[in-house]
Amino acid sequence: MTRQAAAVPSETQTADAALRARAALVVPGGMWGHLNAARLPDGYPQFFASAEGCRIRDVDGREYIDFMCSWGPVLLGHRHPEVEAAAQAQAARGDCLNGPGEVMVDLAEDFVAMVPHADWAMFQKNGGDATTACVTIARAGTGRRKVLVARGSYHGALPWCSPSVAGVTSEDRAHLLHFHYNDVASLHAAVAAAGNDLAAILVTAFRHDMGRDLEWPTAEFAKAARAACDEAGAALIIDEVRAGLRLDIKGSWEALGVRPDLAAWSKAIANGHALAAVTGNDKFRDAAAKVFVTGSFWCGAVAMAAARATLRIARDTDVPGHIHAMGLRLREGLATLADRHGIAIRQSGPPQMPLMLFDDDPEVRKGRAFCSAALRHGAFFHPQHNMFLSSAHRAADIDEALDAAEHGFRAVLSASAART
Ligand SMILES: *Cc1c(COP(=O)(O)O)cnc(C)c1O
């Protein structure tokens, strides 16, 4: 295939296929990471053209009710008018300046006022910036090296935490020790193994590893992590990058009565604008002032203005409550449909970030068949990764998506019939 031939779309080719063919020539693998086409169910578009509220449109003009919300960042619906107005007002004055604008101090004050554990905040761009900064601050503050992470937990795509080993050396991860999420004995064993070199325990707000049932932390586990850090003088770090603002705007572990020393935030905090944050308490204030962290775009004022508007809406309206209700409606509807078809499914996680897995589906064939058929009928689900609700989802949208899901369940039945 010549470069030229692959890049020229035929008349019958979709716009998505044409873009994939062009991308294959100039982007390694056509696309990186979890968005590589090979990881998506059949028929899923790679390229999107626009979005509004809970609806997204691909480059071929097909519209879907969106249950991925850009994989987390969209909390209030795509292009929320108030957030976009705040962003545009800031953009009219300037975004990337020689230093931060007033908005940085305003936003840090907003975080400190909203999040009980936080005495201070600092800002980055991506979730991986924030989780890495938390680890660096914990090490600087304790003068120790070992960081405990749950096996299989995702904290970003940097060498120290990437789920892949390609291009990663064992030295990149030399001072990580592992425990099993929600397993107090394994946590204690890892704490013992770290000895007097324990800098931090890093834990996601809930267990949301890809492809397995989601798990809420037990109070016993959360309290054990807090107690182990207190005893050792180490930092308890909660990775709120995915769950932040969807469960409890004060922090996901508030209901468990456990507060972290440091927390990493990103995804939803600016409703789709690129921003991350680290919040911390006074124990780690000096360490946070000491470490050298920065990025070319970390002062960007537009995303900070968008975050202020997002936090204001999250404070003034019960976002977690609304998306909880919509997630429950979806969950109950899916359960009813699956039951009617005699299909065994498992639903897990907080309703705001739901996951549906099929029983006896080790290769996710049923999940993919379900998603592909539902997609053709206008609902964008995911077979293995937790999904996301937004405050733009209304009951009528959920009901419409359930009609699409009905087609998904029928596809699972006919696929099973074809194999037997
Ligand atoms: C997405 C995610 C990250 C990494 O965030 P990026 O913005 O992709 O760097 C870290 N932790 C969790 C729990 C995430 O879901």
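Atoms within a ligand are numbered from 1 in the order they appear, just like the ligands themselves. Remember, predicted model here, so these are calculated numbers, not experimental data.
Using 4.0 Å as the threshold, Glu240 has no heavy atom nearer than that to any atom of ligand 1.
Of all atoms in ligand 1, listed by their number and element, those nearer than 4.0 Å to a heavy atom of Asn126 are 7 (O), 9 (O). Set against the non-hydrogen atoms of His208, the atoms of ligand 1 under 4.0 Å away are 13 (C).
Given atom 9 (O) of ligand 1, the protein heavy atom at minimum distance is Gly128 N, 2.7 Å. Protein heavy atom at the shortest distance from atom 7 (O) of ligand 1 is Gly127 N, 2.7 Å.
A side-chain donor-acceptor contact under 3.5 Å links Asn182 to the backbone of Thr218. Of the possible polar contacts, none joining the Glu254 side chain to the Val258 backbone as a donor-acceptor pair under 3.5 Å is found. In this structure, Asp16 contributes its side chain and Phe47 its backbone to a donor-acceptor pair below 3.5 Å. Judged by distance alone, the side chain of Asp248 and the main-chain N or O of Lys250 form a donor-acceptor pair under 3.5 Å. Checking side-chain atoms of Arg139 against main-chain N and O of Arg145 turns up a donor-acceptor pair under 3.5 Å.
The N/O atoms of Val241, backbone and side chain alike, include none that comes under 3.5 Å of an N/O atom in ligand 1. Considering both main-chain and side-chain atoms, Lys267 comes within under 3.5 Å of ligand 1 through a nitrogen or oxygen pair. Considering backbone and side-chain atoms together, Asp239 places an N or O closer than 3.5 Å to an N or O of ligand 1. On a distance-only criterion, Arg242 and ligand 1 share at least one N/O pair closer than 3.5 Å. Every N/O-N/O distance between Gly156 and ligand 1 stays at or above 3.5 Å.
Within a 6.0 Å sphere centred on CG of Asp316, other residues, nucleotides and ligands contribute more than 12 heavy atoms. Heavy-atom contacts from other residues, nucleotides or ligands closer than 6.0 Å to CG of Asp360 number 12 or fewer. In Asp42, the CG atom is not crowded: 12 or fewer heavy atoms of neighbouring residues, nucleotides or ligands sit closer than 6.0 Å.
Counting heavy atoms closer than 4.0 Å to ligand 1, residue Tyr154 contributes atoms from both its backbone and its side chain.
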